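As the structure lists them, so they are numbered: ligands from 1, and atoms in each ligand from 1. Numbering of residues begins at 1 and proceeds along the displayed sequence. Bear in mind the structure is a predicted one, so any value in this text is a computation, not a measurement.
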Amino acid sequence: MALTIIKGTILSASALGKLDVTPGGYLVAEEGIITGVYPVLPEQFSGAPVEDFGDALILQSFADLHLHAPQYPMLGMGMDLPLLDWLNAYAFPTEARFADTDYARDVYRRLARELVENGTTRVCMFSSLHRPATLILMEKLEKAGVTGYVGKVNMDRNNVPGLLEETTEESRRETLQWLEACTSFPHIKPMLTPRFIPSCSEELLAFLGRLAAERNLPIQSHLSENQAEVELVSSLHPDCAQYWEAYAKYGLWNERTVMAHCVWSDERERQAMKEAGVTVVHCADSNQNICSGVAPVRTMLQEGLRVALGSDIAGGDHLHMFDVVAASIRASKARRILDGWETDFLTVPEGWYLGTSAGAAFFGDAPGFAPGNPLHAIALADDSLPCPHPLTAAERLERCVYTRQQGAIRAVWSAGRKVYSGT
Ligand code: GUN
Ligand code: FE
């Protein structure tokens, strides 16, 4: 690994809405950690091998902060029901298949490869409730070169008994056994994953909250995605004035928490996220597909919340983050219309920041290709697109976001390692 020097048009999102471009530049990493981006190769590296990608764009790779691995087999299907019915009709029966470890092995190997080949190198990912399949998922991600967090899902009530549900005792036991069994993966770590408030008993939520505190574990779940869900939570937890309070009450609400959706979070709920340092994961495709709504992302950003992006497959129908970035920009335009043209939509550099730097921040990175960050990058050749007149690097990026080209990714680095090399 020692020294990596990548040459190309280097572009990174160093702040929300800001792109740093170094044409013909050098991105240098030592022992997998970025040293810097240089317009001219510093003397100390002269003579070292350079991977020259010509005019290709050298970009940060993506962070997908919310997706459901066991919903990969239903990608692009079953979008004709709202959330709670959709879970029962499609998501739960699909996830139930992962009791079969051979099936899990096959699906998860494909998923891990597809993620890496399309430039997603960091994830916060839901597995199913099955411990063996969750360990297989972690193994396949590790092997393919994906980094980040995976959670065995906890769900002990309001699910489908006999198909996809565990008892409280099983959920506790399986979670502890899973945590013991998954310590050997260097790049894939466990994350506690109560599916969402309606799926978990109070006893289970309390257990998970204690576990998170004792072992300093991160937490992922869903929040205020859909109006019927919000009402259900309110009826299940009448002592909580708002949805988020049911997480907070059980110790599942802190700066290591990621909450998907937050479509219906009002100002008070958003303030609670800001104060606790919770990261919101915006999942624009999913919110549209299962008729959840349009999250107020611009308002969240203005209020100073941490916001990143998620594909949320298979509520979302796009795994590739170029599409997810484009969807978040489109959703912000719908939000602008709904807001009476009072809120600004996201620009492409802003969308790009959310899909890269904002997600990487959850893993402790500074924005962009900052020195000290682990090397997570892609080399993207857009030369198959027509280019009758010269384009700026920002224009090239915009075109790639909207018209993702199959095979345009030439190489991917994850945590310093080259994990994909295309043609
Ligand atoms: N809320 C609880 N489970 C799920 C899920 O699998 N997908 C989505 N979009 N929302 C959820
Ligand atoms: Fe989800």
Exercise. Do the side-chain N and O atoms of Ser221 and Tyr247 include a donor-acceptor pair separated by under 3.5 angstrom?
Worked result: yes
Problem set entry | For atom 11 (C) of ligand 1, closest protein heavy-atom neighbour | His222 NE2, 3.3 Å
Problem set entry | Residue, atom name and distance, where the atom is the protein heavy atom closest to atom 3 (N) of ligand 1 | Arg195 NE, 2.9 Å
Expected list for residues 279-286: side-chain donor-acceptor pairs under 3.5 angstrom, two or more places apart:
residue, atom, partner, partner atom, Å
Asp285, OD2, His318, ND1, 3.4
Ser286, OG, Asp312, OD2, 2.7

Any side-chain heavy-atom pair from [X] and [Y] closer than 4.5 angstrom?
X      : Y      : result
Ser127 : His130 : no
His237 : Lys249 : yes
Arg113 : Lys140 : no

For this session: Mind listing the closest non-hydrogen atom pair of Leu135 and Ala181 along with its distance?
Result: CD1-CB, 3.7 Å
Exercise. Could you go step by step and tell me if Asp323 and Arg404 meet the salt bridge (charged side-chain N to carboxylate O under 4.0 Å, His left out) rule?
Worked result: CA-CA 7 Å; Asp323 301 324; Arg404 181 179 54 80; 3.1 Å; yes
For this session: Report the part of Glu225 in contact with ligand 1, treating N, CA, C, O as backbone and CB onward as side chain, heavy atoms under 4.0 Å; options are side chain, backbone, both, neither.
Result: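 The answer is the side chain.
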Check ligand 1 against [X] and write out every atom of the ligand that is under 4.0 Å from a heavy-atom position of the residue.
X      : value
Leu83  : 8 (C), 10 (N), 11 (C)
Gln71  : 5 (C), 6 (O)
Phe196 : 1 (N), 2 (C)
His68  : 5 (C), 6 (O), 7 (N)

Seminar exercise, completed: Per side chain to side chain contact (heavy atoms under 4.5 Å, CB included), Phe98 is matched among Ile136, Val107, Leu137, Leu129 by Val107
Exercise. Do any heavy atoms of Trp86 fall under 4.0 Å from ligand 1?
Worked result: yes
For this session: Could you establish whether His261 and ligand 1 come within less than 4.0 Å of each other, counting only heavy atoms on the residue side?
Result: yes
Exercise. Do Phe126 and His66 make the cut of ring centroids closer than 6.0 angstrom?
Worked result: yes
Problem set entry | Phe363 and Tyr149 aromatic centres sub-6.0 Å | yes
Problem set entry | Residue and atom names of protein N/O/S atoms that fall under 2.8 Å from the Fe ion (ligand 2) | His66 NE2, His68 NE2, His222 NE2, Asp312 OD1
Exercise. So, is Asp312 polar-close to ligand 1, with some N/O to N/O distance under 3.5 Å?
Worked result: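 In this structure, Asp312 places an N or O atom under 3.5 Å from an N or O of ligand 1.
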Exercise. Do Asp106 and Arg109 sit within salt-bridge range, that is, some charged N less than 4.0 Å from a carboxylate O?
Worked result: yes
